[in-house]
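Scroll down for the structure; my scribbles are underneath it.
All values derive from a computational prediction rather than experimental measurement. Counting from 1, the numbers follow the sequence of the chain as shown.
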Amino acid sequence: VQTCALPISATNAVAALHSSSYRQAARHFANVRLPAQETGDNDNNNNNNNNSSGGDPWLPPSVQASDVALGGVLCGLASLERSAIRSRLLEGEAFGALLAAASHLSLRALLQDYISSRYSSLFERLEQLRPRLELDIHLSKSADALLQSIRRKALTQYASPYSTIDLTRMATSFNTPLADLERELAALIADNLIAARIDSHNKRLIQSTRRAHRHVQQRAQHWRSLRCADQRHAVARQFSTGRYGRRSRHLHSQSLTIQS
């Protein structure tokens, strides 16, 4: 693959992908920009702008814009929070053009499924993409790890807000057999990703009270930090542009008058 022909963001994304740094890869993929002529109707652009090898002119023949979009979506789902997925991928101007170029893969619907917690639809779409992933020169080696990371992240996020979860309902949400779900949750508990215990008799996942209390404390600290940052910013703005700034300039001018 002629990686030297890739845009710098795509090159960095591929390097991060191969080192399993999915968060970095997602951020680099999100910054890849298509040339202006590539951002319109995908079919027309493919007919008018693609070179004789069938690839986009800004990429080597082995890499399509849809490959970049697919890599960005999978790395984003595996590593980014919902807010970042929305702002960087779904609503990002540059990545929006890539999603349009890959409209035949329904990647935008995939992102929306995740954000809306439509897990059954999400994983059905991901399984439909698996054959393509296995043929992708960059994604094939990371495909299983990416899909596993996305699933474990989704299971963890589903469980995080609740103190007690009905496993039968959760299995339905993920369209998976109850026994398989219990094994997956047991693995997450063993890896300290979920602090809970499984009540197999009553089919419940019961979160640790200590974990729930710590989560509340962490969220409170997070919001306190944001509030303090906002207050510091407001004070700085007042000193630079508000009455404090004017008062400071007035005192400075008085001082110069007295000195003279």
Side-chain angles (χ1 to χ4, degrees), residues 7 9-10 12-14 16-17 20-34 38-42 64-129 132-133 139 142-143 145-162 165 170 173-175 188 193-194 215-216 218-227 229-230 233:
S9 293
N12 291 336
V14 170
L17 172 65
S20 300
S21 302
Y22 300 141
R23 183 181 294 270
Q24 278 188 319
R27 290 172 175 171
H28 287 306
F29 277 128
N31 290 329
V32 175
R33 289 184 176 274
L34 287 174
E38 297 285 342
T39 59
D41 180 76
N42 188 50
Q64 299 285 330
S66 57
D67 298 328
V68 179
L70 181 58
V73 167
L74 293 182
C75 290
L77 290 176
S79 63
L80 300 179
E81 297 300 320
R82 277 189 173 90
S83 58
I85 289 173
R86 183 186 297 277
S87 61
R88 290 177 178 270
L89 303 183
L90 263 179
E91 298 175 355
E93 180 182 354
F95 201 76
L98 289 168
L99 292 176
S103 58
H104 58 291
L105 297 178
S106 301
L107 296 180
R108 184 175 293 277
L110 196 67
L111 294 172
Q112 290 170 336
D113 280 344
Y114 182 85
I115 288 175
S116 302
S117 301
R118 295 191 293 262
Y119 296 117
S120 177
S121 176
L122 169 70
F123 291 109
E124 182 179 347
R125 293 182 193 276
L126 286 172
E127 281 302 313
Q128 291 171 355
L129 289 172
R132 180 188 176 95
L133 295 177
L139 291 170
S142 303
L146 279 168
L147 295 179
Q148 181 70 3
S149 295
I150 294 170
R151 186 166 182 86
R152 287 164 67 87
K153 181 164 165 269
L155 289 167
T156 302
Q157 290 189 346
Y158 183 100
S160 63
Y162 306 108
I165 297 170
M170 186 176 182
S173 296
F174 281 84
N175 193 26
L188 292 173
L193 294 176
I194 298 178
H215 177 72
V216 171
Q218 290 172 344
R219 294 299 296 172
Q221 179 62 37
H222 172 71
W223 288 114
R224 280 197 297 269
S225 299
L226 291 180
R227 189 162 56 249
D230 288 342
H233 181 69

About how many Å separate [atom2] of [Y] and [atom1] of [X], when rounded to the nearest 0.5 Å?
X	Y	atom1	atom2	value
S66	H104	OG	NE2	4.5 Å
Y162	M170	OH	CE	10.0 Å
L147	L126	CG	CG	5.5 Å
L139	C75	CG	SG	7.0 Å
L110	R118	CG	CZ	10.5 Å
E81	R86	CD	CZ	13.5 Å

Please find the pair of heavy atoms, one from [X] and one from [Y], that lie closest to each other, and give the distance.
X	Y	answer
I165	A159	CD1-CA, 3.3 Å
K153	A78	CD-O, 3.5 Å
Y158	S173	OH-OG, 3.7 Å
A102	A69	CB-CB, 3.9 Å

Row check, F95 ring normal vs R88 NZ/CZ: under 6.0 Å, within 45°: no

Derivation and outcome, side chain to side chain donor-acceptor pair (under 3.5 Å), residues R27 and S79: CA-CA 10 Å; R27 290 172 175 171; S79 63; over 6 Å; no

Find out whether [X] and [Y] are in side-chain contact, i.e. whether some heavy atom of one side chain is under 4.5 Å from a heavy atom of the other.
X	Y	result
R132	D67	yes
N175	E124	no
Q24	N12	no
V73	L105	no
L98	F29	no
L74	L133	yes
L146	L17	yes
S121	Q112	no

Stepwise side chain to side chain contact (heavy atoms under 4.5 Å, CB included) test for L89 and L99: CA-CA 9 Å; L89 303 183; L99 292 176; 5.5 Å; no

Trace of the side chain to side chain contact (heavy atoms under 4.5 Å, CB included) decision for S20 with Y22: CA-CA 5 Å; S20 300; Y22 300 141; 3.9 Å; yes

Any donor-acceptor N/O pair, R108 side chain to L90 backbone, under 3.5 Å: yes

E91, CD atom: more than 12 neighbouring heavy atoms under 6.0 Å: yes

From CA spacing to verdict: side chain to side chain donor-acceptor pair (under 3.5 Å), Y114, Q157: CA-CA 11 Å; Y114 182 85; Q157 290 189 346; 2.6 Å; yes

H28/S21 under side chain to side chain contact (heavy atoms under 4.5 Å, CB included): CA gap, chis, key distance, verdict: CA-CA 11 Å; H28 287 306; S21 302; over 6 Å; no

